[in-house]
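All remarks here apply to the structure that follows.
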Number of protein chains: 2
Amino acid sequence: MAEDAPRRRSTLDEVAELAGVSRSVASRALNNAPHVSRAKREAVERAVRRLGYVPDTTARALATRQTGVAALVVSGEDPSIFADPFFAQVIVGASGALEEADLHLMLCLAASDRGRKRVEELLRSKGADGVMLMALREDDPLIRTAEEAAMPVVFGGRPIGPAPRWYVDVDNVGGAREATEYLVSRGRTRVAAICGRLDTEAGRARYRGYRDAVLAAGLDPFPPYEGDFTEPSGAAAMASLLADRPEVDGVFAANDNMGAGALRTLREAGRAVPGDVAVVGFDDLTVARIADPPLTTVRQPIQALGREMARMLIALVNGQDPTPLLLPTRLVVRASA
Amino acid sequence: MAEDAPRRRSTLDEVAELAGVSRSVASRALNNAPHVSRAKREAVERAVRRLGYVPDTTARALATRQTGVAALVVSGEDPSIFADPFFAQVIVGASGALEEADLHLMLCLAASDRGRKRVEELLRSKGADGVMLMALREDDPLIRTAEEAAMPVVFGGRPIGPAPRWYVDVDNVGGAREATEYLVSRGRTRVAAICGRLDTEAGRARYRGYRDAVLAAGLDPFPPYEGDFTEPSGAAAMASLLADRPEVDGVFAANDNMGAGALRTLREAGRAVPGDVAVVGFDDLTVARIADPPLTTVRQPIQALGREMARMLIALVNGQDPTPLLLPTRLVVRASA
DNA sequence: CCCGAGGCTGGAAGCGCTTCCAGTACCTAC
DNA sequence: GTAGGTACTGGAAGCGCTTCCAGCCTCGGG
């Protein structure tokens, strides 16, 4: 490699020698552990400064059996799932919490076969101290792998099936119910749902919440119009919805992207929003505010989701046994409903 | 920790013993290096399967002096910069390329002081094989740190000041010029720029491109109306622009977020787009398509940016000396101009 | 004045893997 | 029958750090 400075990195031995102490003492001083006299501690500090010494992460990891790394795995069948700004928010939250515990964040997009295989290896190779798992689909092979992992695993959003031992999730059912109730309370009587992928728990739970609310109001639920959480899929779902049931006057979209897509289709179809059709989204990401009209939506605390996942993982790494968390949602009313 | 299986992970020694070979042979077999007879190679493979052996990443890293990790550092003064979907696309691109080289991606948000300090440590602690640096501002302390790093560094987007040795950038000047020329070619004569932060090279370069084009057309450039690449900042910049120079009939926004913000302000001010004011953005992210009207914009190949950064880094790690790259942009015409 | 209790100290044994090198065994060519 | 390969093999020395532990010194109390 085109390196210029052939300057070798200094080692703890050199620090110890320069400070006139043994390596053990130098090590203890560095980690400010007890059993080091004030004088030697200072001598070591001086030597560290003079040499510009920085401990070798790898060597330390080998000796302590701790990598100082937490992995965030985003599953899905296609890397573009990660383009959803949702994940960026999760990362901001997680990153902050990990920073406090001095852990680094490793990001794994387990979208390709290759990617999934590498995650599997990671989970078994002690390459991280723990893992956060997100966006798992039904029968995702990672679920099994996680059970056999050599490290703690926290789920972000429950997968379909039996709830894992440690997870942080959002109250999807409650949020969807609230959104739908709101539509009903504004006099809408033909309320449909554009739901997310039904092979994800979030997709199902939000449809369930919608359905509960519609039934509770004594109305007839629409069948699910399924999208994949992207804007075009929302537009397409809205189009078939409009074709099947032109009388629709309210739409609950399972996320803002699809809500924005629905808005676009409605605009193109000449339907006024909220005049003819009221629309509610889910997430409260930037797109909800940018949409025209701005989208009434269910805000979920996405950064908090990331933060709590990280905190839960940290607790596990520290040998504690935290309890699963369900984060609340809140309806944010804007112009679209 | 609440672990159930006290099953210790098996080591290479155990594999070797079970296979009836020495540890050296087992190691060679594992890495399919030469000098292992067919018979022993198979014996080792069998033992690996029986034990469910997976090599310890850390130990391997210590022995080989390679971590198998590439870091992506996103600078900025506030973690929310990462919320820009731009970075998600970079990550998708980089992740794919790293996957091919079997490197893991470590993501560092160097936004807080703490975060920056950790990045500095990372760069000096041999915690990764190389680093990709993005979103540096003027006089960002990371620039210096990078120069002294113990590993290869690739810049994503040049920082302000002398160009680094290895970088991948997008032709910001050319893209901005093309956008502005397009506005002029549509008959706009009072064309302004809502520019990004002028303490970033991208912000400056795009303003430069705008200015060049306006001057070349024999028109008067507007002073920069500065935003910070977010939607609200674009809306605010548009508002002051409108207040200062109500005669404006064309706007080049330095990214789509700000373009969307401008659109919102114009709508609220009752100006028709593109009738009264034409708007062009930059990036071509989802928001450009969602905006109303859909935003004419300069598409930059963001995933390719990530991919090429990763490839360049891989080349460096492999001891090659790649050359910097400038990626082209392309105008995408939609309804807003 | 002696003894035990602390407080420090540094030698040494790892952590689990790679890799150099000195062999050993077995052939082929002379 | 011997020299000189070729093809493996495994012992041993690391990689740079943490940590156990036996030993030393010092000091106060009896």
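Within every chain, numbering begins at 1; the chains are lettered A, B, ... in the order of the sequence lines, protein sequences first and strands thereafter.
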May I have the distance from [X] (atom [atom1]) to [N] (atom [atom2]), rounded to whole angstrom?
| X | N | atom1 | atom2 | value |
| --- | --- | --- | --- | --- |
| D56(A) | dG16(D) | CG | P | 7 Å |
| L62(A) | dG14(D) | CG | P | 17 Å |
| Q66(B) | dG16(C) | CD | C1' | 17 Å |
| R65(B) | dG16(D) | CZ | C1' | 7 Å |
| L30(A) | dT18(D) | CG | P | 7 Å |
| N31(A) | dT19(D) | CG | C1' | 11 Å |
| E17(B) | dG16(C) | CD | C1' | 15 Å |

Q. Hey, is R165(B) close enough to D321(B) for a salt bridge, meaning N to O under 4.0 Å?
A. yes
Q. Can we say E120(A) and R124(A) salt-bridge, meaning some charged N sits less than 4.0 Å from an Asp/Glu carboxylate O?
A. no
Q.
Taking side-chain hydrogen bond (donor to acceptor under 3.5 Å, both in side chains) as the cut-off, I'd like each qualifying pair that reaches into residues 44-56 of chain B, sequence neighbours left out, listed once.
A. R65(A)-D56(B)
Q: Ignoring backbone atoms, establish whether R60(A) has a side-chain N or O less than 4.0 Å from OP1 or OP2 of dT18(D).
A: yes
Q) Is there a donor-acceptor pair under 3.5 Å between the side chain of R114(A) and the backbone N or O of E99(B)? A) yes
Q: Would you check if the side chain of D169(A) reaches a backbone N or O of R158(A) as a donor-acceptor pair within less than 3.5 Å?
A: yes
Q. With a non-hydrogen cut-off below 4.0 angstrom, is S27(A) in contact with a base, only sugar-phosphate, or nothing?
A. base
Q) Hey, what do you get for OG1 (T58(A)) to CD (Q66(B)), rounding to the nearest 0.5 Å? A) 10.5 Å
Q. Out of curiosity, I81(B) CD1 to T200(B) OG1, how far, rounded to the nearest 0.5 Å?
A. 8.5 Å
Q: Taking only heavy atoms on the protein side, list every residue of residues 120-127 of chain A lying under 4.0 Å from any atom of DNA chain D, sorted numerically.
A: none
Q) For every nucleotide of nucleotides 5-13 of chain D, 5' to 3': is a protein heavy atom under 4.0 Å from its base (B), only from its sugar-phosphate (S), or from neither (-)? A) ---BBBBB-
Q) Are R41(B) and N32(B) close enough that some pair of their side-chain heavy atoms sits under 4.5 Å apart? A) yes
Q. With a 4.5 Å heavy-atom cut-off, do D140(A) and P159(A) have their side chains touching?
A. no
